[in-house]
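Just so we're on the same page: letters track the sequence lines, and every chain starts at 1.
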Amino acid sequence: MKPACMPPRKRRFPLDELLSWWDRGRRPLPWRRERSAWRTWVSEVMLQQTRVETVIPYFQRFMLLFPAPARLADAADDTVMKAWEGLGYYQRIRNLQRAATLVVESYGGEVPGNPAEFTLLPGAGPYITAAVMSISFKHPLPAVDGNVLRVIARYRGSRADTRQTAQRDRVRRILARVIPPERPGDFNEALMELGALVCTPRKPDCGHCPLAAACRARRLGLTTQLPVRSRRTAPPQIDVAVAVVTHLGKILVRRRSDGHLNGLWEFPGGRLLAGETRKDAILRKCREELNVDLRIKEKIALVRHAYSHFRIQMAVYRAIPETPLPPTGENLRWVTPAELESLPLPGANRKALPAILEGLEKREEEKRS
DNA sequence: CATCCGTGGCT
DNA sequence: TAGCCAAGGAT
């Protein structure tokens with residue numbers, strides 16, 4: 001027992017314990033089978049704010065479709081968006097495709113193994129750069145993600161707010177002095193794996209943690225109180241109304257070409273203004289944006305959906321055009337129900353699709369009888 | 001630096 | 001249910 005007056009001895013980070021835990025316990029995930037830079041890169045982009053179980057099937061389909069950067073660079077936009085549909089954060093795939101194009105143009109199709117060059121590619125921030133460079137090129141750069149922030153906050157017994165950018169930088173500097181030059185990728189993955197499997201947000205399994213003996217949160221009984229994360233304000237709820245405009249068995253869809261949900265196809269309509277009825281909102285948006293007048297029929301679906309910073313309630317009405325049809329083009333098309341199924345759609349539209357197709361089918365039957 | 005960007009699972 | 005969380009980056 002050391003006297004209380006002694007200065008706290010500097011703890012040695014339990015590197016060997018961590019790495020042997022990793023060697024024993026690592027999960028056999030698809031992107032860990034063969035660590036080419038492209039596979040690592042794609043997996044890291046998909047895993048941003050997204051669960052491993054969600055990513056696995058997307059990753060396997062994606063690598064079959066685009067086994068090298070050049071294949072992604074050359075692919076048609078709808079093909080790319082369809083491969084990403086449902087994963088969310090669609091700017092990620094746009095950045096990745098732009099980056100793939102740059103890799104083809106500037107590096108002969110080979111992912112650059114130099115951190116300074118790699119990090120200039122769109123979508124390659126500090127985390128992705130460190131992850132790809134350490135795992136596939138053995139550069140000793142700490143990859144600090146949400147798992148690592150939690151593990152290290154507990155290990156250090158730190159009450160600092162992990163949502164702040166400065167805290168991420170601090171953890172990165174701390175780990176830069178610990179990461180072993182021989183196994184930088186394993187070190188990074190081990191810390192993340194530890195956060196995912198053992199040092200979990202709720203009910204951490206300290207009995208199986210290789211850092212437990214050195215963990216300050218555990219010693220102080222603060223495990224469940226750390227890490228500290230400042231709270232975000234609750235997302236607002238908004239009302240949206242859209243129209244399924246049908247003509248000769250086909251359905252009108254438009255493609256979002258900027259900002260939110262960029263590149264996905266949706267039904268025309270939009271957000272209700274204050275005091276506006278759903279039908280008025282649909283008529284207004286279709287006049288403003290498509291220059292078309294509609295006759296609105298019955299409501300065929302009502303879906304709720306939570307986006308990252310707001311929730312929507314979306315009402316879907318059947319409608320038919322009353323004025324000459326707008327010219328179709330790159331961002332406006334008439335599609336059959338089957339084509340509609342195959343287009344990349346935002347979550348709320350996808351969610352409403354069964355009710356819509358069922359409603360249209362039922363109405364066809366009534367018309368026949 | 002704070003905010004914006006999707007989605008699904010869990011409590 | 002409503003809130004929280006998950007291998008972040010761009011602006």
DNA chain B: 5'-proximal contact among A:P346 and A:Q167 (nearest heavy atom)
A:Q167
Using ring centroids (six-membered ring only for Trp), state whether A:Y89 and A:W84 fall under 6.0 Å.
no
Grab the two heavy atoms, one from A:T328 and one from A:R333, that are nearest each other, plus how far apart they are.
CG2-CA, 4.2 Å
Look at all strands and tell whether [X] reaches a base, only sugar-phosphate, or nothing, counting heavy atoms closer than 4.0 Å.
{"X": "A:L261", "result": "sugar-phosphate"}
{"X": "A:W84", "result": "nothing"}
{"X": "A:R32", "result": "base"}
{"X": "A:G195", "result": "nothing"}
{"X": "A:R304", "result": "nothing"}
{"X": "A:L29", "result": "base"}
{"X": "A:A131", "result": "nothing"}
{"X": "A:A143", "result": "nothing"}
{"X": "A:R27", "result": "base"}

5'-most contact on DNA chain C: A:S43 or A:P122, nearest heavy atom basis?
A:S43
Counting only side-chain nitrogens and oxygens, does A:R229 get under 4.0 Å of the OP1 or OP2 atom of C:dA6?
yes
Is the phosphate of B:dC4 approached by A:H260 (side-chain N or O, under 4.0 Å from OP1 or OP2)?
no
Separation between the P atoms of C:dG9 and B:dG8, rounded to whole Å
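Comparing P positions in C:dG9 and B:dG8 gives a spacing of 22 Å.
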Please report the distance separating the P of C:dC4 from the corresponding atom of B:dT3, rounded so that it comes out in whole Å.
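Pairwise P distance, C:dC4 against B:dT3, rounds to 15 Å.
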Looking at residues at least two apart in the chain, or sitting in another chain, which of them share a side chain to side chain contact (heavy atoms under 4.5 Å, CB included) with A:E289?
A:R254, A:K285
Is any side-chain N or O of A:T54 under 3.5 Å from a base N or O of B:dG9, one able to act as donor and the other as acceptor?
no
So if I apply the ring-ring contact (aromatic ring centres under 6.0 Å, His included) rule between A:W31 and each of A:W38, A:F62, A:Y58, A:F59, which one comes out positive?
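Among A:W38, A:F62, A:Y58, A:F59, the one meeting ring-ring contact (aromatic ring centres under 6.0 Å, His included) with A:W31 is A:F59.
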Rounded distance in Å - NZ (A:K351) to P (B:dT7)
9 Å
Report the distance from atom CG of A:L261 to atom CZ of A:R256, rounding to the nearest 0.5 Å.
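The CG atom of A:L261 sits 5.0 Å away from the CZ atom of A:R256.
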